[in-house]
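Below is one structure; the comments refer to it alone.
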There are 2 protein chains.
Amino acid sequence: MPELQNETEQQIIEAATDVFLEKGKSGARMQEIADRAGINKALLHYYFRSKILLYQRVFASQAKILFSGMLEAMVVGQDLRSGLYGFVDRYMDIVAGNPRLISFIMWEIREGGEEMSRILKEKFQEMGFQSVPLLEVLRTGKTTSGNPIPNPEQFFLSLMGMCIYPFIARPLLTRVVPELRPEDPDFLTARKQHIMAFIDTYLDR
Amino acid sequence: MPELQNETEQQIIEAATDVFLEKGKSGARMQEIADRAGINKALLHYYFRSKILLYQRVFASQAKILFSGMLEAMVVGQDLRSGLYGFVDRYMDIVAGNPRLISFIMWEIREGGEEMSRILKEKFQEMGFQSVPLLEVLRTGKTTSGNPIPNPEQFFLSLMGMCIYPFIARPLLTRVVPELRPEDPDFLTARKQHIMAFIDTYLDR
DNA sequence: ATTCGGTTTAACTGTTTGGTTAAACTTTTT
DNA sequence: AAAAAGTTTAACCAAACAGTTAAACCGAAT
């Protein structure tokens with residue numbers, strides 16, 4: 001995959017990202033992408049050959065943003081509690097700062113998640129993991145009393161779900177329960193604290 | 001909205017449900033719906049006037065299935081703990097039994113969630129609630145020691161996220177962590193127990 | 001048996017869509 | 001300066017798409 005090297009390509013990628021994130025793969029229109037990029041539609045094909053290839057390019061770069069951030073949020077080498085706190089802190093910031101990206105990834109999951117799992121596995125290997133880093137840490141970690149963490153898989157799912165659900169459901173939540181505002185900094189602070197308290201109940205046993 | 005009263009309409013709704021759930025609004029094709037229903041495409045317009053109206057019809061009925069089930073899972077009048085256990089038990093069964101529906105709803109949330117929030121608010125009113133029943137119950141409920149439940153909103157989000165996340169992320173999860181199988185009955189049992197334990201830590205304070 | 005209303009069909013329509021083409025333009029290389 | 005390579009344009013293309021049309025068909029009512 002060649003590097004981005006000129007302005008036209010960059011304009012196309014940016015516009016395509018916007019349109020694909022808003023409309024999805026089927027709903028996006030090449031003419032609309034061209035209009036937003038301020039170029040002639042034929043250039044989309046000149047530079048990227050087809051709609052699907054352009055989509056894949058956009059998807060790959062967006063997925064990398066999310067997953068790199070997410071994997072880096074998992075700081076290895078710390079004590080377990082600090083590591084989990086740090087993960088929640090950073091992961092929530094990433095998710096809160098990229099709302100469109102989250103729904104985009106949900107869209108891809110809906111399509112089967114094949115490409116995404118490929119990217120993820122690639123990243124895991126780069127970092128020397130066999131599986132999800134967070135899960136591996138939980139599987140080898142210990143509670144305060146020195147026992148293995150019970151049901152690390154379930155704990156893992158709960159952590160992920162607690163972090164991400166408010167942002168997935170956000171459009172609906174804020175309409176049905178107006179006082180719930182995931183984008184609000186106070187909400188984010190409260191959310192992090194709540195999840196960290198959950199971590200405590202799990203570790204302090 | 002007239003009642004379903006003949007076989008052709010029913011065939012169309014069923015086929016349209018399948019195709020919309022698989023392909024989404026933009027990706028679905030009227031000819032494909034007609035093919036699946038075993039009818040001539042013109043009948044789609046004869047009975048439902050347009051693609052968007054057919055989509056709205058399908059969406060409304062699917063949303064009602066999910067939300068009716070979900071609201072009924074919240075049995076009012078029980079003691080708080082039993083009520084929450086029952087909610088988790090029934091809601092998880094609904095979610096596990098309707099995987100395509102979940103991703104369909106996620107899709108709609110992505111589009112803004114306007115229609116869905118209208119349906120939800122309607123249902124709340126039918127049941128005599130101002131807001132989400134589960135949230136109202138948490139707001140008025142008490143812990144074991146008789147105190148109000150701390151941060152009911154955050155607790156609510158955690159319950160919802162813990163229940164639903166494994167199914168949202170399922171396509172990706174089973175590829176990345178093959179031992180995680182949300183559709184497996186043993187998984188479901190373990191998941192419910194895990195969430196109920198979480199409820200306990202919240203109430204027993 | 002005929003008429004009427006409802007249903008279904010096959011063909012058609014106009015627009016949109018992703019993609020192509022060849023010429024014009026611009027930049028780089030010789 | 002001319003040629004070559006790269007970029008951009010406007011027009012075009014065939015297929016796909018949601019939707020329309022009018023006739024044929026069918027069952028019920030008279």
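What you see is a predicted model, and the numbers here were worked out from it, not measured in a lab.
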Checklist entry - Choosing from dT17(C), dG19(C), dA10(C), which nucleotide comes nearest the side chain of Lys41(A)? => result dG19(C)
Checklist entry - Please give, in whole Å, the distance from dC17(D) C1' to Ile52(B) CD1? => result 15 Å
Checklist entry - Is there a donor on the side chain of Lys51(B) or the base of dG19(D) sitting less than 3.5 Å from an acceptor on the other? => result no
Next on the checklist: In whole Å, I'd like the distance from the CE atom of Met30(B) to the P atom of dT13(C).
Outcome noted: 20 Å
Next on the checklist: Tell me if the CZ atom of Arg49(B) is crowded by more than 12 foreign heavy atoms within 6.0 Å.
Outcome noted: no
Checklist entry - What is the ring orientation for Tyr55(B) with Phe104(B), classed by angle as parallel under 30°, tilted 30 to 60°, or perpendicular over 60°? => result perpendicular
Checklist outcome for this item: The residue, Leu43(A) or Gln31(B), whose nearest nucleotide of DNA chain D is more 5′ is Leu43(A)
Item to check | Short side-chain N/O contact from His45(B) to OP1 or OP2 of dT20(D), under 4.0 Å | outcome: no
Checklist entry - Under 4.0 Å between a side-chain N or O of Arg29(A) and OP1 or OP2 of dT16(C)? => result no
Item to check | Spacing of Leu44(B) atom CG relative to dT9(C) atom P, expressed in whole Å | outcome: 11 Å
Item to check | Parallel, tilted or perpendicular, as decided by the 30° and 60° cut-offs, for the rings of Phe155(B) and Tyr202(B) | outcome: parallel
Next on the checklist: Under 4.0 Å, counting only non-hydrogen atoms across every strand here, what does Ala28(B) touch: a base, just sugar-phosphate, or nothing?
Outcome noted: sugar-phosphate
Next on the checklist: How about CD on Glu179(B), more than 12 heavy atoms from neighbouring residues, nucleotides or ligands closer than 6.0 Å, or not?
Outcome noted: yes
Checklist entry - Under 4.0 Å between a side-chain N/O of Asn40(A) and OP1 or OP2 of dA10(D), yes or no? => result yes
Next on the checklist: If I take atom CZ in residue Arg49(A) and atom P in nucleotide dT21(C), what distance separates them, rounded to the nearest angstrom?
Outcome noted: 12 Å
Checklist entry - Between Tyr46(B) and dT20(D), does any side-chain N or O lie under 4.0 Å from OP1 or OP2? => result no
Checklist entry - Hey, does the side chain of Thr8(B) come within less than 4.0 Å of dT7(C)'s phosphate (OP1/OP2), counting only N and O? => result no
Checklist entry - Between atom OH in Tyr55(B) and atom C1' in dG19(D), what is the gap in whole Å? => result 20 Å
Checklist entry - Rounding to a whole Å, what distance do you find between Phe48(B):CZ and dG19(D):C1'? => result 16 Å
Checklist outcome for this item: Rounded to whole Å, the CG-P distance (Asn6(A) to dG6(D)) equals 13 Å
Checklist entry - How many Å lie between CD on Gln56(A) and P on dG18(C), as a whole number? => result 16 Å
Next on the checklist: I'd like to know if Arg81(A) and Asp200(A) make a salt bridge, using a cut-off of under 4.0 Å between side-chain N and carboxylate O.
Outcome noted: yes
